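In what follows, a single structure is set out as structure tokens and then discussed.
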Amino acid sequence: MTNLFDLTGKVALITGGTHGLGLAMAEGLGSAGAELVVTSTTPSKLEEAIKYYQSKGFKATGYIFDVTDEKIAAEKVAEIEANHKQIDILINNAGIIKRVPALEMEVSEFRKVIDVDLTGPFIMSQLVARNMIKRRSGKIINICSMMSELGRDNVVAYASAKGGLKMLTKNLATEWAKHNIQVNGIGPGYFATSQTEPIRVDGNPFNEFIISRTPEGRWGNPEDLAGTAIFLASEASQFINGQIIYVDGGILATIGKPSNE
Ligand code: GCO
């Protein structure tokens with residue numbers, strides 16, 4: 001039986017793949033044989049990430065551009081396809097969060113989060129799908145969130161974007177499955193990354209809350225995501241479409257339990 005999880009010969013484009021969850025998923029795909037193409041808007045972070053991937057023996061290239069700028073993104077995707085044969089796998093990982101009470105959030109702040117976390121994945125998916133459709137093959141993986149399913153104080157824009165990203169995933173699957181493109185999502189639970197650092201500090205009530213709310217009793221580690229990313233990027237998931245796989249330590253499985261248990 002061939003190795004269904006082998007990504008040798010595949011080109012994987014990971015947006016925001018310079019740190020945290022993006023880096024962990026990129027490293028997973030690289031370890032499965034994929035060539036890595038990573039985007040960022042921060043040259044220093046990109047340079048450091050590419051050096052890291054190359055130190056692991058992966059073929060890795062970086063491109064600086066903002067996924068919300070459809071004109072630049074179109075130029076860059078064309079450049080990537082010219083330089084790297086084709087894009088077999090797209091991981092829409094780039095995202096931002098703004099933690100502000102809904103009543104205090106500036107509309108401009110709301111729009112910015114929606115633009116990066118939802119419009120950006122739409123732009124990138126549309127751009128890579130054109131040649132995936134011609135080749136009748138492609139994998140698109142959208143990085144959703146617990147907030148694709150649940151609300152929480154102070155993340156109204158992020159939750160709205162991630163809820164939308166879940167439905168973007170289902171809708172693109174509906175339209176593109178007939179072209180043998182699999183469009184799925186990964187919903188990370190609460191992971192120990194720079195994005196969650198402010199709410200993870202010892203003594204922060206939210207830190208204890210998440211640990212108590214997660215049946216596995218811990219924050220996720222970025223490497224906990226690599227296997228699911230490889231799975232959804234590989235031949236092992238050819239008949240999976242429009243699904244969000246939650247890698248959450250069990251959070252969504254439970255209502256939780258009283259603190260005295
Ligand atoms: C927050 C966290 C979450 C996590 C993740 C959960 O402020 O609630 O940052 O948004 O990052 O998205 O799935």
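Computed from a prediction, not measured in an experiment: that's the story for all the values here. Indexing begins at 1, ligand by ligand and atom by atom, following the structure's order.
- Clustering ILVMFWY residues whenever any of their side-chain heavy atoms sit less than 4.5 angstrom apart, transitively, puts Leu90 in the very cluster that holds Phe122.
- When hydrogens are left out, the protein atom nearest atom 11 (O) of ligand 1 is Gln195 OE1, 2.8 Å; that is the closest non-hydrogen contact.
- Residue contacts with ligand 1, taken as heavy atom pairs separated by less than 4.0 Å, do not involve Lys162 at all.
- Interface of Thr196 with ligand 1, defined as ligand atoms under 4.0 Å from a residue heavy atom, comprises 9 (O), 11 (O).
- What sits closest to atom 7 (O) of ligand 1 on the protein, heavy atoms only, is Arg99 NE, 2.7 Å.
- At a 4.0 Å heavy-atom cut-off, ligand 1 does not touch Asp248 at all.
- Around atom NZ of Lys85, more than 12 heavy atoms belonging to other residues, nucleotides or ligands sit under 6.0 Å away.
- Looking only at heavy atoms of the protein, atom 8 (O) of ligand 1 is closest to Arg152 NE, 2.5 Å.
- Between Tyr190 and Phe209, the distance from one ring center to the other does not fall under 6.0 angstrom.
- Between Ile199 and ligand 1, a contact under 3.5 Å exists for no N or O pair.
- The ligand atoms of ligand 1 that sit less than 4.0 angstrom from a heavy atom of Met146 are 6 (C), 13 (O).
- For atom 10 (O) of ligand 1, the nearest protein heavy atom (residue, atom name, distance) is Tyr158 CE2, 3.1 Å.
- Less than 6.0 angstrom separates the ring centroid of His84 from the ring centroid of Tyr63.
- The only member of Thr193, Asn207, Thr196, Thr214 that meets side-chain hydrogen bond (donor to acceptor under 3.5 Å, both in side chains) when paired with Trp219 is Asn207.
- Although no hydrogens or angles enter the test, the distance criterion places no donor-acceptor pair under 3.5 Å between the side chain of Gln86 and the main chain of Val11.
- To the nearest 0.5 Å, atom CD of residue Gln243 and atom CD of residue Gln182 are 12.0 Å apart.
- Closest to atom 2 (C) of ligand 1, if we only count protein heavy atoms, is Tyr190 CE2, 3.4 Å.
- Proximity of Phe191 to ligand 1, defined as any heavy-atom pair under 4.0 Å, is not found for any part of the residue.
- Side-chain contact check for Lys139 and Gln238: at least one donor-acceptor pair (N or O, by modelled atom type) lies under 3.5 Å.
- Of the N or O atoms in Pro188, one or more lie within a sub-3.5 Å distance of an N or O in ligand 1.
- Asn131 places no side-chain N or O within donor-acceptor distance of the main-chain N or O of Lys134, the cut-off being under 3.5 Å.
- For a threshold of 3.5 Å applied to N or O pairs, the pair formed by Ser145 and ligand 1 contains at least one separation below that value.
- Looking at Val155 next to ligand 1, no N or O pair under 3.5 Å apart turns up.
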